Amino acid sequence: MEQGAARERATEGPSPRCGDPAPDPYGTGGARVPEQARGEHTHGETPLPFPGGGPSAVRRHSVRGQILDALRTALVAGELRPGEVYSAPVLGERFGVSATPVREAMQRLAVEGAVEVVPNRGFRVVVRTPRELAELAEVRALIEVPVMLRLARTVPAGRWAALRPLAEATGAAAARGDRAHYAETDRAFHRAVLALAGNEQLLVIADDLHRRSQWPLLSAPVPRHADLVADAAEHGALLDALGAQDLPVVESLVREHFTGAEV
């Protein structure tokens, strides 16, 4: 009996150490992911360039995370086009990795609502409408405006000054016309502001809404450089209003920022 138990332990592999997190191979936080996205066809797809320099840009120790970041960047930059279907094997070839980390990253994007599974083909980038964008802006305002008004009344002016470099980073990205980097710095700025509320659930929900609002529409024109620069300038103006406890200006800036130029 002892020999049989030893054989069972040998086939099970090493036991997790105390305190190790439960396995989450798809990074979905435990959410169920579709299993139909396997064996996708790979013929007939148009070559797709990706930022970051291709295979050499993917660090092997965190392949899925690197692929997920690159796919999110490609979404914001419009390189993954709404309505188009992309297969994990073909994308894997373009990144110089196997299909598995690409599929896992795409399944994470499916959980986030950026793509949807197309059985036996791959993943289709979700087509969004102007109405959906307006609804996202409305929900973001319902959540963030009251929080920022409360922060304006309670946070010392010096704390706002410490966020100035984040606002400047969005301005620099906008000045270069770098839409993907602007999207990252824009989210970082808003996270830093909302973090002062000390509510982790707020940060998770607000960041998810923010990311969804940055995905391009099917027929949306490329944002003008001047619009991107003006949008970034609102971050500095918001910090000024927050530091001055100018509540009407804070509310006006936040609402206009959500409904203004999107990347």
Side-chain angles (χ1 to χ4, degrees), residues 29 51-52 65-66 68-70 72-73 75-77 112 114 133-216 223-263:
Q66 293 291 311
L68 180 58
D69 288 343
R72 283 172 170 164
T73 297
L75 275 170
V76 173
E112 295 178 359
L133 190 62
E135 290 174 348
L136 284 167
E138 180 181 6
V139 175
R140 289 184 68 196
L142 288 171
I143 293 174
E144 295 194 31
V145 168
V147 173
M148 290 197 185
L149 291 176
R150 175 164 57 86
L151 293 175
R153 292 190 294 266
T154 58
V155 174
R159 298 291 296 276
W160 300 121
L163 301 186
R164 190 70 58 178
L166 292 174
E168 293 171 351
T170 64
R176 296 192 307 271
D178 187 341
R179 295 166 57 201
H181 191 229
Y182 176 80
E184 295 175 6
T185 56
D186 187 34
R187 289 197 309 274
F189 173 81
H190 282 267
R191 279 196 303 270
V193 171
L194 295 176
L196 295 176
N199 187 324
E200 290 296 327
Q201 298 306 311
L202 168 67
L203 292 180
V204 171
I205 294 171
D207 194 60
D208 178 66
L209 292 169
H210 194 165
R211 190 184 296 280
R212 290 169 185 262
S213 73
Q214 292 176 329
W215 300 333
R224 295 184 306 168
H225 182 262
D227 291 337
L228 205 60
V229 171
D231 200 43
E234 292 176 354
H235 292 143
L238 177 60
L239 290 179
D240 291 338
L242 288 166
Q245 296 186 330
D246 192 336
L247 303 188
V249 173
V250 168
E251 180 171 0
S252 176
L253 283 171
V254 174
R255 292 187 185 279
E256 290 176 6
H257 189 66
F258 292 161
T259 58
E262 294 288 347
V263 293

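What you see below is based on every heavy atom in this structure, not just the backbone, and it leaves out hydrogens, waters and symmetry mates. Keep in mind that what you see is a predicted model, and the values were worked out from it rather than measured.
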Report the C-alpha distance between Asp231 and Asp227 in whole Å, list the side-chain angles of each, state the deciding distance to 0.1 Å, and finish with yes or no for side-chain contact (heavy atoms from CB on, under 4.5 Å).
CA-CA 6 Å; Asp231 200 43; Asp227 291 337; over 6 Å; no
Looking only at heavy atoms, what is the nearest atom pair of Ala188 and Leu166, with distance?
O-CD1, 4.1 Å
Between Arg212 and Glu112 (side chain of the first, backbone of the second, donor and acceptor by atom type, cut-off under 3.5 Å), is there such a pair?
yes
Could you walk me through whether Leu133 and Trp215 pass the side-chain contact (heavy atoms from CB on, under 4.5 Å) test, one step at a time?
CA-CA 9 Å; Leu133 190 62; Trp215 300 333; over 6 Å; no
d(Glu251 CD, Asp246 CG) to nearest 0.5 Å is 11.5 Å
First locate atom CZ of Arg255, then atom CD of Glu138, and finally report the distance between them rounded to the nearest 0.5 Å.
9.0 Å
Describe, in one word, how the ring planes of Phe189 and His235 are oriented to each other, choosing from parallel (under 30°), tilted (30 to 60°) and perpendicular (over 60°).
tilted
Quick one: closest heavy-atom pair of Leu203 and Ala195, and the distance?
CD2-N, 3.6 Å
Which pair of non-hydrogen atoms, one from Ala77 and one from Arg179, has the smallest distance, and what is that distance?
O-NH1, 3.6 Å
With rounding to the nearest 0.5 angstrom, report the CG to CZ distance, Leu75 to Arg72.
9.5 Å
Distance from His181 atom NE2 to Arg176 atom CZ, nearest 0.5 Å?
6.0 Å
Applying side-chain contact (heavy atoms from CB on, under 4.5 Å) to Met148 and Leu194, what does each step give before you reach the verdict?
CA-CA 7 Å; Met148 290 197 185; Leu194 295 176; 4.3 Å; yes
Which atom names give the shortest non-hydrogen contact between His210 and Asp186, and what distance separates them?
NE2-OD2, 2.9 Å
Quick check on Arg187: does its CZ atom have over 12 non-hydrogen neighbours (other residues, nucleotides or ligands) under 6.0 Å away?
yes
Could you go through the side-chain contact (heavy atoms from CB on, under 4.5 Å) check for Leu238 and His257 one step at a time?
CA-CA 10 Å; Leu238 177 60; His257 189 66; over 6 Å; no
Can you tell me how far apart CD (Glu168) and CG (Leu239) are? Round to the nearest 0.5 Å.
9.5 Å
Contact check, side chains of Glu184 and Gln214, non-hydrogen atoms, under 4.5 Å
no
Any ion pair linking Asp240 and Arg164 (charged N to carboxylate O, less than 4.0 Å)?
yes
Spatial distance of atom CZ (Phe258) from atom CG (Leu253) [nearest 0.5 Å]
11.0 Å
Looking only at non-hydrogen atoms, find the nearest pair between Leu202 and Ala197 and report the distance.
CD2-CB, 4.1 Å
Nearest heavy-atom pair of Leu228 and Tyr182: which atoms, and what distance?
CD1-CD2, 3.9 Å
